[in-house]
Amino acid sequence: MDERDKIKGQNELQVTVLNTNLCTGCGACIDLCPYFKSYKGRTAILFPCTLKQGRCFAYCPKVEVDLDELSQKFFGRLYDGNPLGSYQTIMISRAGKKIARSDFQAGGTVSAIVYFAIKRGYIDGAVLTDRDGLLPVPRFITKPEDVFTCASSKYTAAPTLSALNQGIKDGFKRIGIIATPCQALATALMRSNPLEEVNFVDPTGLVIGLFCTWALDFRSFEEFISTRVDIKKITKIDIPPPPTDTMEIYMGNGEKMKIPLDEIRQLIPEGCSYCIDMTAEFSDISVGVLEGHPDMNTLLIRTERGRKIVDEARKDGYLIVSDIPKENLEHLKWAAANKKRRGLAKAKQEKIVNTLKGDKASYLRLNTETLEKITQMTGRSS
Amino acid sequence: MTNLANIHEDAESLLMGNEAIARGALEAGVNVATSYPGTPASEIIENLAHVARERNLYVEWSANEKVALEVAAAASFSQLRSLCAMKQVGVNVAADFLLHLGLSGTRGGMVLVTCDDPGALSSSNEGPSRHFARMFEIPLLEPGDFQEAKDITKWAFELSEEIKTVVMVRSVTRVSHASGNVRLGKLPEDERHAEFKYDGLGLNADEGPAESVPVGEKHRLQQDKLILATKLFEESPFNTYQGPEKPELLIITASAGNLYTREAISVLRVEDRVGLLKLGTTWPLPPLLLKRYLSTTDKIMFVEEVLPFLEENVKILAAENAREIGVKTFYGKNERTMPKTGELNPDIVISALCKILKTDYIAMDPEYEKKFQMPFSAEVPDRARTFCPGCPHRASFWSIHNALQMDNRKGFVCGDIGCYSMGRFSSGFNTTKTLHAMGSGAGLASGFGKLAQFGMDQPVLAVCGDSTFFHAVMPALVNAVHHKSNITLVVLDNSGTAMTGFQPHPGLSVNAMGDEVPEVDISKVCDAIGAKVEIRDPFDLGETQKTLNRMLEDKQGVKVLILQQACALSPEKKHTKKYEMSVDEELCIGEDCGCNRLCTRIFQCPGLVWDNDKKKARIDEALCVGCGVCSLICPAGAIKRKEVA
């Protein structure tokens with residue numbers, strides 16, 4: 001069948017994504033099989049696989065991503081290039097009275113929703129990112145309180161989806177995932193049953209996307225930080241919302257080190273520069289910071305099942321929401337539009353958008369109207 | 001094993017070439033025998049060790065061939081008869097001492113037996129050994145069949161004692177490892193007493209110090225010995241001729257060439273046209289004998305393996321005597337009549353003879369040959385060399401390979417000599433990237449590990465076996481530690497010199513003769529040299545890989561990881577089974593995405609079989625030894641292991 005033909009196997013994935021530095025280490029290909037492993041943030045192939053088609057290629061968010069197809073499946077329409085993606089409502093939020101203040105970073109919205117969703121059985125387990133020293137590690141939790149062990153923000157890329165793959169193997173049926181945009185995109189690909197497996201059932205119960213402008217390569221970051229600070233002393237890392245332009249490293253004894261983001265940006269993996277999604281458009285709900293308000297979150301509700309859980313959480317006192325101030329919304333759209341335009345420009349430059357049949361594999365596929373629209377995008381509200 | 005001392009004299013026995021050599025040494029009254037294991041020489045010392053107690057011999061597997069030669073020389077200096085055996089490359093290792101031994105001379109008869117491997121059937125080269133005899137100016141004898149293997153070895157001791165120098169006896173695989181009828185001789189009863197006399201004057205061969213100096217005098221004396229040997233060689237019964245008085249073609253051959261040529265002459269039925277001069281004394285060449293036979297015809301052919309040693313020596317002699325014997329047409333390697341690489345066989349000799357004699361011979365009807373080849377291309381599966389079921393090296397290379405892939409900085413492993421040389425191939429997951437001589441892995445790694453200042457950021461590893469460690473790796477390790485080379489050495493300790501037949505080495509508590517001896521502890525040696533040492537069980541894949549990844553990230557100095565697990569064929573492991581293995585077919589993913597036959601396609605243990613009808617993996621109960629490692633790699637947990645009570 002024509003559509004399935006575009007899906008290839010490990011060999012092509014290596015050539016088109018790993019060898020071209022497109023990989024952002026989302027973990028979608030990890031733990032599906034014994035051949036892909038992640039170590040300290042880098043994706044490695046252990047042995048060659050001879051299959052012509054595989055899930056690794058099908059789920060990878062950096063190859064053969066048909067945005068129209070996905071948009072049709074999850075939102076009922078073609079991809080329209082809206083800077084914030086498709087959504088029902090946007091608001092601001094923070095954890096409600098039922099969640100203790102000390103347990104989370106920023107507004108605590110994600111922790112609160114996950115806690116609530118597990119407690120109420122909307123999800124039977126959750127895929128999060130924990131930390132082992134400086135290294136972020138994927139984690140699968142089944143107890144609501146465990147969400148707080150993973151509550152701090154991580155700024156280096158982690159192969160979190162490997163825990164999703166493991167959770168599916170372990171038989172969980174309504175999995176919650178806290179995902180970066182590329183991870184949410186890979187999850188959406190997986191949910192679309194690209195290899196047309198018979199009797200396929202969507203194993204996810206809730207996809208919570210996180211805003212992301214970029215992530216850092218772990219190995220480069222570790223090397224960079226270790227020249228400035230004793231890694232063992234680090235207790236917390238934070239990049240406060242704009243207008244601050246620093247990364248803050250907290251050491252145990254109350255010490256705090258500030259590093260200008262300009263120095264940090266050199267550690268961004270190349271794959272991030274191709275990304276067109278700042279707000280995790282293919283999730284049920286998306287959560288990010290709220291500029292100027294370090295104790296609040298921005299919250300987008302995209303799907304019906306997302307809306308339902310947020311409503312119930314709010315009603316039960318786990319979440320407090322209110323309207324988003326106009327300046328915040330405008331600025332968010334502006335930032336998202338810029339990322340979209342830049343990412344697409346880079347992909348077009350590398351000739352990996354809408355490639356022709358018989359040519360090399362495409363990274364993105366989308367309708368020409370939207371492609372033009374994004375190319376012209378300036379972020380001014382339309 | 002045959003007890004070579006138990007067969008009585010005059011009996012005719014079917015003996016392997018190496019057994020014949022050992023028997024020859026026994027008939028010569030050998031007292032001390034040393035060696036380092038190497039195919040095709042290993043059986044010589046094994047057979048002598050077997051009768052060591054009853055014949056009052058001292059038999060030793062030395063740490064390497066140089067030490068082995070030195071130990072044998074000590075016996076000779078003490079007026080005992082000694083034998084040192086090794087494969088061709090061992091002579092390279094012993095060469096420095098051999099050079100000086102040629103100068104110092106010997107006392108009790110001393111024989112150096114070298115067993116070469118033309119065609120590299122079990123070596124990483126097919127280098128020469130005969131040239132050392134010429135280069136270091138010592139006599140060289142080559143048995144041309146199994147009777148001569150015994151008789152020449154026996155006579156070599158007498159020759160050595162008469163002219164007071166070490167004598168090289170050179171064999172090849174097809175003499176050492178093939179068998180033939182041998183009529184035995186008498187075993188002597190006399191006892192020798194060991195005493196090293198050194199108080200005599202410097203140049204006193206029997207009672208002065210044993211030394212290669214003063215070089216001028218000693219060298220002249222050495223060359224006089226060869227002149228004496230040459231005179232003896234003129235009358236030697238080991239130089240034989242068969243054929244017409246005036247042959248159309250004279251073939252000069254030695255060693256296994258003798259066997260191939262005799263068969264070729266017989267097949268072509270050219271006994272009346274071709275003369276066969278088989279030399280048993282190939283250095284120095286007896287000039288009178290050779291002039292005699294070279295004069296009988298214009299056409300001279302040489303049959304010998306690999307390099308044209310015999311050929312060029314005869315050609316020099318022929319050139320020097322051309323006025324007397326006439327100008328000859330030669331058919332040798334330099335004329336491209338015979339190949340310069342690889343083993344010979346009767347077919348190659350037949351083919352060359354046909355061209356020279358202008359006769360036809362069809363070995364096989366071409367139609368039949370085509371028919372004969374077909375099943376091979378169609379039916380017979382491609383079977384690569386592989387590690388045994390239960391081999392710890394498979395597990396070790398699994399972890400090393402995967403640790404390097406995950407480390408993702410294009411790290412590499414320098415290989416070395418042993419069963420684990422197969423780390424180069426799919427059986428070892430193509431992990432090793434260099435292969436040269438014993439200990440060269442560590443030596444190369446020591447060099448690679450110093451190149452950071454030129455921008456090299458690839459992690460460097462070396463592997464070596466436990467026996468290889470004592471043989472040659474230690475100086476390289478000292479070098480690496482002292483010069484702060486950033487490397488990881490993985491010692492694959494399977495408790496023996498496995499590739500050559502599981503002989504003991506200094507790391508074990510039993511010696512060649514079965515006596516209890518102190519073990520030299522590899523981890524303590526590495527520690528004392530100053531490396532950071534850790535010991536793991538290679539069958540614990542997770543721990544081993546974690547340790548390796550940590551060592552690869554440590555950029556300071558030399559790390560040593562000793563992976564300890566006995567060889568599957570070792571006496572302690574053989575015939576034991578730790579686990580009962582089975583495959584749950586419900587869980588087996590097989591060819592599909594998620595596995596793609598990891599166990600049978602990549603891991604490739606012979607105990608795992610792919611059932612092409614069921615499309616599932618299964619255990620071959622005859623081959624599986626129950627090591628349990630495959631159950632750790634199955635992504636579906638379909639391979640089960642149950643501990644045997």
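So that the names make sense, note that chain A is the first sequence line, chain B the second, and so on, each numbered from 1. Quick caveat, the model's predicted, so the values are computed rather than measured.
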ask   = Where does B:R601 contact chain A at under 4.5 Å (heavy atoms): side chain, backbone, both or neither?
value = side chain

message = Can you tell me which of B:L598, B:N596, B:N408 forms the most heavy-atom pairs within a distance under 4.5 Å of chain A?
response = B:N596

task = Run the ring-centre check on A:F47 versus B:W398 and record whether the distance is less than 6.0 Å.
result = yes

inquiry  = Ring centres under 6.0 Å, that's the criterion: do A:F172 and A:F140 meet it?
reply    = yes

task = Let me know if B:I602 has heavy atoms under 4.5 Å from chain A in its side chain, its backbone, both or neither.
result = side chain

ask   = Any side-chain heavy-atom pair from B:T432 and B:F397 closer than 4.5 angstrom?
value = yes

Taking every non-hydrogen atom, the tightest pair across A:P194 and A:I7 = O-CD1, 3.5 Å

task = Establish, for the pair B:R641 and B:Y579, whether the NZ or CZ atom is under 6.0 angstrom from the six-membered ring centre and no further than 45 degrees off its axis.
result = yes

task = Grab the two heavy atoms, one from B:L492 and one from B:H393, that are nearest each other, plus how far apart they are.
result = CB-CE1, 3.6 Å

remark   = Interface check, chain B: of A:A44, A:S38, A:P34, most non-hydrogen pairs under 4.5 Å belong to A:P34

key: Side chain / backbone / both / neither for B:N430 at chain A, heavy atoms under 4.5 Å   = neither

request  = Could you check whether the rings of A:Y274 and A:Y363 sit parallel, tilted or perpendicular, using 30° and 60° as the cut-offs?
outcome  = perpendicular

Best-contacting candidate, B:P635, B:C634, B:C595, B:C593, against chain A by heavy atom pairs under 4.5 angstrom = B:C593

inquiry  = Checking A:T129 against A:R139 for the side-chain hydrogen bond (donor to acceptor under 3.5 Å, both in side chains) test, could you report, in this order, the C-alpha distance in whole Å, the side-chain angles of both residues, the deciding distance, and whether it holds?
reply    = CA-CA 6 Å; A:T129 308; A:R139 225 174 123 205; over 6 Å; no

message = Does anything in residues 51-64 of chain A reach chain B? List residues with heavy atoms under 4.5 Å apart, or say none.
response = A:L51, A:G54, A:R55

inquiry  = Ring centres under 6.0 Å, that's the criterion: do B:F448 and B:F412 meet it?
reply    = yes

query = If every non-hydrogen atom of B:T544 is compared with every non-hydrogen atom of B:P538, which pair is closest and at what distance?
reply = OG1-CA, 3.7 Å

query = Under a 4.5 Å heavy-atom cut-off, does chain B meet the side chain of A:I45, its backbone, both or neither?
reply = backbone

remark   = Looking only at A:L195, A:L32, A:T50, A:N165, the option with the highest number of non-hydrogen pairs under 4.5 Å against chain B is A:T50

